[in-house]
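Computed from heavy atoms alone, side chains included, the values below leave out hydrogens, waters and symmetry copies.
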Amino acid sequence: MLSERKRGKMTVEEAGRLGGEKTAETHGPEFYSEIGHKGGQKVKRLIEEGKELEK
């Protein structure tokens with residue numbers, strides 16, 4: 001693994017961390033609030049659809 005670092009490669013963990021930091025820097029907290037709300041609404045709709053199918 002050390003030899004990979006010498007060649008400039010990074011681990012998946014490092015890439016994910018850097019990508020997350022860049023996203024947070026670019027979009028800010030409002031972005032996460034908005035996508036969280038959208039996800040919650042989707043889950044709510046899916047649960048309601050599932051209950052309707054059970055009837």
Side-chain angles (χ1 to χ4, degrees):
M1 179 138 109
L2 185 58
S3 62
E4 288 181 8
R5 290 183 190 273
K6 287 182 182 178
R7 290 185 290 184
K9 293 186 178 183
M10 68 175 71
T11 66
V12 173
E13 181 181 351
E14 290 171 315
R17 180 181 50 78
L18 291 174
E21 288 174 359
K22 184 64 174 178
T23 300
E25 179 183 306
T26 304
H27 297 289
E30 301 84 22
F31 171 76
Y32 291 104
S33 178
E34 182 179 338
I35 63 172
H37 180 74
K38 286 180 180 180
Q41 293 300 309
K42 174 80 174 192
V43 169
K44 180 181 175 183
R45 192 179 84 243
L46 290 172
I47 290 171
E48 289 172 355
E49 289 174 6
K51 287 180 180 179
E52 286 296 317
L53 289 174
E54 288 181 344
K55 290 181 181 179

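With sequence neighbours left out, Glu49 forms a side-chain contact (heavy atoms from CB on, under 4.5 Å) with Arg45, Leu46. Among residues two or more places apart in sequence or in another chain, the side-chain contact (heavy atoms from CB on, under 4.5 Å) test is passed with Glu13 by Thr11. For Phe31, the ring-ring contact (aromatic ring centres under 6.0 Å, His included) test picks out His27, with sequence neighbours left out. A search for side-chain hydrogen bond (donor to acceptor under 3.5 Å, both in side chains) contacts involving Glu52 returns nothing, not counting sequence neighbours. A search for salt bridge (Lys or Arg N to Asp or Glu O under 4.0 Å) contacts involving Glu54 returns nothing, not counting sequence neighbours. Listed by chain and residue number, Lys22 satisfy the salt bridge (Lys or Arg N to Asp or Glu O under 4.0 Å) test with Glu25 (two or more places apart in sequence, or in another chain). Remark: Glu30 pairs with no residue by the salt bridge (Lys or Arg N to Asp or Glu O under 4.0 Å) rule, at least two apart or across chains.
With hydrogens and angles ignored, the 3.5 Å screen pairs a side-chain donor or acceptor of Thr23 with a backbone N or O of Gly19.
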Let me have the donor-acceptor pairs involving side chains of residues 37-44, under 3.5 Å, with sequence neighbours excluded, atom names and distances please.
unit_1: Lys38; atom_1: NZ; unit_2: Glu34; atom_2: OE2; d: 3.4

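The hydrophobic cluster analysis finds Leu53 isolated: no Ile, Leu, Val, Met, Phe, Trp or Tyr side chain comes under 4.5 Å of it, directly or through other members.
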